[in-house]
Amino acid sequence: MATTDLKARVNDALENGSLAGALGRFNEAYVASRARAYEGIDFEALRDQLVGLKGRAAAHLDELAEQFEEKATQAGATVFRTSDPAEVKQYLARLCKENGVKRIAKSKSMATEEMHLNAFLAEQGIEVAETDLGEWIVQLAGQRPSHMVMPAIHMSKEQVAGIFSREVKEELAADIPALVAVARRELRQKFLGADMGITGANVAVAETGTLVVVTNEGNARLVSTLPRIQVAVVGVEKLVERFADVGPILKALPRSATGQLLTSYVSMFTGPSPGADGQPKELHVILLDHRRTHMARDPRFAQALRCIRCASCVNVCPVYRLLGGHVFGGVYTGGIGAILATWFEAIKSSKDIQSLCIQCGACIPVCPTRIDIPEMIVELRRRLAKEEGHPFIQKAALRMVNDRRIFHGLLRAASKAQKPFAKKGMIRHLPFFFSGMTEHRSLPAIADVPFRDRFEGIAQPAGAKDKAAFYAGCLVDFAYPGIGESVVKVLNAAGVEVTFPQAQTCCGAPARYAGAFDVAARNAKDNITALEDPEVRWVVSACPTCTVALRHEFAATLEAEGHADWAERAEAMASKVRDFSSLVKELADAGRLTVEAAKGLEAVTYHDSCHLKRKLHAHEPPRQLLGAAGFELKEMKDSDSCCGMGGSYSLKFPEISAPILARKLENIRATGAETVAMDCPGCMLQIGGGLDLAGSTARTRHVADLIADKVRPARPAGGK
Amino acid sequence: MFETFRAKAQAVSAEVHRAPAGAQALDLVLAVLGREGVGDAPGERAVWCGGPILGSLLDRDALVRRFPGLSFEVTRERAAESRVGITEFEWGLAATGTIAQDATDPRLRLASMLPEVHVALFPTSRLLPDLDALLERVDPTRARYLACVTGPSRTADIERVLTIGVHGPKKLVIIAVDGEFGAA
Ligand code: SF4
Ligand code: SF4
């Protein structure tokens, strides 16, 4: 479970209303401006280019660093390469001493934050001024950046006015242009008075020894021009092979970072240029490895080296928008910050940060370098679990799902125990097992008769053309068995015989997302054994999380646990796995089933579950089925934003889950629709429970339930 | 292509002019000097980095008589006291409304960064489609400080409110000049 310290920080952040307000508004504005900036650009083609060039560079960091050193040295720079942040500090201390440097003006260099360089230099009696406005604000406030692109995004203008007033010793109003003017005046003196300028770099080109720096304020231009010594501290992951590689990076970075076509200033320096007085000056380039080459050798994490620090993953993250970067992040913020902290700080320091990821995948489609953050976070959890084991309570819960008979026995027992508490199929208080889950939403009552017992009573068509194995998953089986009945009905209508292998068990997703791969692997094996059947053409599930597990995760889990033979069997099964809506759409398109439009149906709004949308890419099929069945679709705002369920996440962090759910409920309310359609029983549990507790009359329905009585076997007549 | 350039540059708050030849471009520059009230007091001065576009047209003494406070000697002190800086750029990039130059000569950077108003001329004939085209053309080992400028200096670091002119110029006046000029 989360440490109490983390819980306290989470609660502080949540109580800070201005933070959530500012980040929430930002998130919405960002999505729109990013979309505008990418108009007319083939984002997927650009991603291909970036994955290619950054991937190649990450695989050859040492060679590229060497080549860069050679070229930059030829151009007159002094290059210092090191893996050890402490050596960077020593190098700079010596350089300052030898040159009588008393004052440094700095433009953004994230690598220097990994080693807390400013504090170190201050100890040496050197005055360091951050000159990026946001960085300066957080420096004066004694904080660290809460965002990779907008370091002071967590602060209000009133707070900034307070900080500036203290600095300049006059009372300043919270007027943004006036505050910016004060910063201009104050920092101008810092630029002009500095003996040394330190920048970072956004790209380092091996072929030419060039550093590329982008800013909007122009501070890097001044920092690299005015002081008599120029230093750049650069992480080796900024290296690329060719000068031409700068093009695609600068096409993506400003668009993804701030929705701009290009930043105001792009400076590319190759060796030192003459100083402001026209005299030759020194350029020192410090290339910092700091475990980046280790990372490059780790097949599961090497992808993180492709990161160009655009922060789009952070900007769309529902957890970041609630907590901000001081809680959800380290030196680098958000989910990617958790990953980088593992390498640049230590696996343990990232433990708290990574636990905050709800695994919604919202960050995946926006990343210009196609980094899969949630996947790396699961891998991190796996390693943490291996290293430290699971906390006791979690272990007990996991042991329960590990054995199907115990697990299902418990669920049956719970069905009886809940009786006195169940009302209208919803539970508002629970005696045990799920207690603690009901504060922000009601829970569905556990069914009297689970689907596995109901299935026996459903006669299957004789002589059907195809067979499909139905994988129910725990929620359909024990909480929403009616969905299972609808699924069977629809498939039967298409002339498909449905089987229900009784030995199926939990899909292992809860264990996997908690990092308990051993449990997830056991679940996977049990399910493969149950579902492997050469006569079965499809394995179908009405739960996207289960579908993703069966289709994409079994093999990966088994592989990671070293069961190559089982992984092969998982792969073989994976190709048969379908989510309900996609399969039904496929059958309808193949002319095996007709969805008949009924008249006068109610309006529905559709919620895209994270897994269905982003892992199975099934955005259209459910909408098409609903449309064909005659429902009027009223799209809600952000239909694909997470509902806050995230499996056991809502148990672990109910305080984060609740506001994410609240936002979803508000978007639903705004449509006026009384029916919220979805494909995921987990989302139904979360959203349905939230609606119930809020006293809303709107109800959640699975697409299978909504269309079950509107499907007919296709008539062969007409040839269609 | 020029209209794309103009639209993109204006979209990022640059003022864009096009002059049929150097003489008209010179008039435009002088109009800016007048408009900005250039005079001989700290903060009101101007620095001018001559280049191939206007170089031969400049009667420096006459100009300095007309605008006391104008200097063709660009030093960091002068630039820091100037309201207007005038430089010549080498390329325009249509797709983003960007101007680009080899700014290895530090005077170019001083004159374009320290004053509040930056007047930048570039030959229309060297308008390129985009940054990729520039990267193809430039050898960074020769152009050792390659500078691309897209609009004036800006920040959104306080409450994400866009504010123009934080460290660099608050105004960027771009004058595209038609005709052929020698290499910079
Ligand atoms: S998966 Fe969701 S919660 Fe996790 S980092 Fe990505 S956007 Fe944030
Ligand atoms: S992980 Fe991707 S989206 Fe996030 S900062 Fe890095 S490049 Fe940008």
Side-chain angles (χ1 to χ4, degrees), chain A residues 22 25-26 29 71 74-75 131-134 137 150-153 155-157 160 176-177 179-180 183-184 187-188 191-192 205 208-210 216-219 221-222 224-226 243-244 246-248 250-251 258 260-278, chain B residues 8 11-13 74-77 79-80 93 95-98 100 102-110 112-114 116 130-136 138-170 172:
Chain A
R25 281 190 302 278
F26 165 55
K71 296 293 172 181
Q74 269 171 25
T131 61
D132 173 83
L133 177 56
I137 294 170
M150 284 161 291
I153 190 167
M155 277 194 223
S156 66
K157 57 180 187 290
V160 175
I176 294 174
L179 292 171
V180 171
R184 180 183 175 100
L187 288 170
R188 183 55 72 88
F191 290 118
L192 290 168
V205 182
T208 54
T210 304
N216 276 314
E217 299 179 1
N219 53 325
R221 252 159 82 81
L222 292 171
S224 60
T225 298
L226 294 172
F243 188 56
V246 174
L250 292 189
K251 198 178 258 182
T258 50
Q260 289 175 285
L261 305 186
L262 197 59
T263 44
S264 300
Y265 301 102
V266 177
S267 308
M268 310 191 194
F269 20 89
T270 310
S273 293
D277 52 3
Chain B
K8 296 293 179 188
V12 290
S13 321
V74 183
T75 63
R76 71 188 244 152
E77 290 69 28
L93 312 178
T96 48
T98 303
D102 172 4
T104 306
D105 180 340
R107 290 174 298 180
L108 291 168
R109 285 174 266 146
L110 294 172
S112 61
M113 282 307 288
L114 291 174
E116 293 197 354
D130 55 18
L131 185 70
D132 285 330
L134 177 71
L135 296 176
E136 251 171 52
V138 177
D139 175 0
T141 60
R142 289 161 165 275
R144 295 162 58 112
Y145 195 121
L146 187 66
C148 303
V149 175
T150 312
S153 156
R154 62 185 57 223
T155 186
D157 272 354
I158 305 177
E159 291 194 354
R160 294 188 307 107
V161 174
L162 178 64
T163 313
I164 300 289
V166 52
H167 296 312
K170 298 179 179 176
L172 172 65

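Letters A, B, ... mirror the listed sequences (proteins, then strands); counts begin at 1. It should be emphasised that the depicted structure is a prediction, and the values quoted were computed from it without experimental measurement.
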Side chain, backbone, both or neither: which part of [X] has a non-hydrogen atom closer than 4.5 Å to chain A?
X: Glu77(B); value: neither
X: Ala11(B); value: neither
X: Pro152(B); value: backbone
X: Ile158(B); value: both
X: Arg160(B); value: side chain
X: Thr75(B); value: neither
X: Thr163(B); value: side chain

Legend entry - Among Glu116(B), Glu136(B), Arg142(B), residue most engaged with chain A (heavy-atom pairs, under 4.5 Å):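 Most pairs with chain A among the choices: Glu116(B).
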
Inset, instruction - Count the heavy-atom pairs under 4.5 Å between each of Asp130(B), Thr96(B), Leu172(B) and chain A, then report the option with the highest count. - result: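 Of Asp130(B), Thr96(B), Leu172(B), Thr96(B) has the most heavy-atom pairs under 4.5 Å with chain A.
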
Straight-line distance of [X] [atom1] to [Y] [atom2], nearest 0.5 Å:
X: Thr258(A); Y: Arg154(B); atom1: OG1; atom2: CZ; answer: 9.0 Å
X: Asp139(B); Y: Thr210(A); atom1: CG; atom2: OG1; answer: 8.5 Å
X: Ser273(A); Y: Leu108(B); atom1: OG; atom2: CG; answer: 10.5 Å
X: Thr155(B); Y: Asp132(A); atom1: OG1; atom2: CG; answer: 6.5 Å

Who wins among [options] for the most heavy-atom pairs under 4.5 Å with chain B?
options: Gly209(A), Gly271(A), Ser156(A); value: Ser156(A)
options: Val180(A), Thr270(A), Asp277(A); value: Thr270(A)
options: Gly278(A), Ala29(A), Ala244(A), Ser267(A); value: Ser267(A)
options: Leu250(A), Leu261(A), Asn216(A); value: Asn216(A)

Inset, instruction - Locate the shortest heavy-atom distance separating Pro151(A) from Asp157(B); write the atom from each residue and the value. - result: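 Heavy atoms of Pro151(A) and Asp157(B) come nearest at CD-OD1, 4.1 Å.
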
Legend entry - Taking every non-hydrogen atom, the tightest pair across Ser264(A) and Gly151(B):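 Closest heavy-atom pair between Ser264(A) and Gly151(B): CB-O, 4.4 Å.
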
Would a distance-only check, ignoring hydrogens and angles, find a side-chain to backbone donor-acceptor pair under 3.5 Å from [X] to [Y]?
X: His167(B); Y: Thr131(A); answer: yes
X: Arg144(B); Y: Pro272(A); answer: yes
X: Arg109(B); Y: Arg221(A); answer: no
X: Glu159(B); Y: Lys157(A); answer: yes
X: Arg76(B); Y: Thr225(A); answer: no

Using non-hydrogen atoms only, which part of [X] is less than 4.5 Å away from chain B: side chain, backbone, both, or neither?
X: Thr263(A); answer: backbone
X: Lys71(A); answer: neither
X: Ile137(A); answer: side chain
X: Gln260(A); answer: side chain
X: Val246(A); answer: both
X: Met150(A); answer: both
X: Thr208(A); answer: both

With a 4.5 Å heavy-atom cut-off, do [X] and [Y] have their side chains touching?
X: Asp105(B); Y: Pro274(A); value: no
X: Lys170(B); Y: Arg184(A); value: yes
X: Leu114(B); Y: Leu226(A); value: yes
X: Leu262(A); Y: Val12(B); value: no

Legend entry - Between Thr150(B) and Tyr265(A): side-chain donor-acceptor atoms closer than 3.5 Å: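 Looking only at side-chain atoms, Tyr265(A) and Thr150(B) do not form any donor-acceptor pair under 3.5 Å.
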
Inset, instruction - Evaluate the ring planes of Phe269(A) and Tyr145(B), with Trp represented by its six-membered ring, and classify them as parallel (under 30°), tilted (30 to 60°) or perpendicular (over 60°). - result: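 Rings of Phe269(A) and Tyr145(B): tilted, as their planes differ by 30° to 60°.
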
Legend entry - Partners meeting side-chain hydrogen bond (donor to acceptor under 3.5 Å, both in side chains) with Ser153(B) (sequence neighbours left out):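 Testing Ser153(B) for side-chain hydrogen bond (donor to acceptor under 3.5 Å, both in side chains), a comparison that skips the adjacent residues, returns none.
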
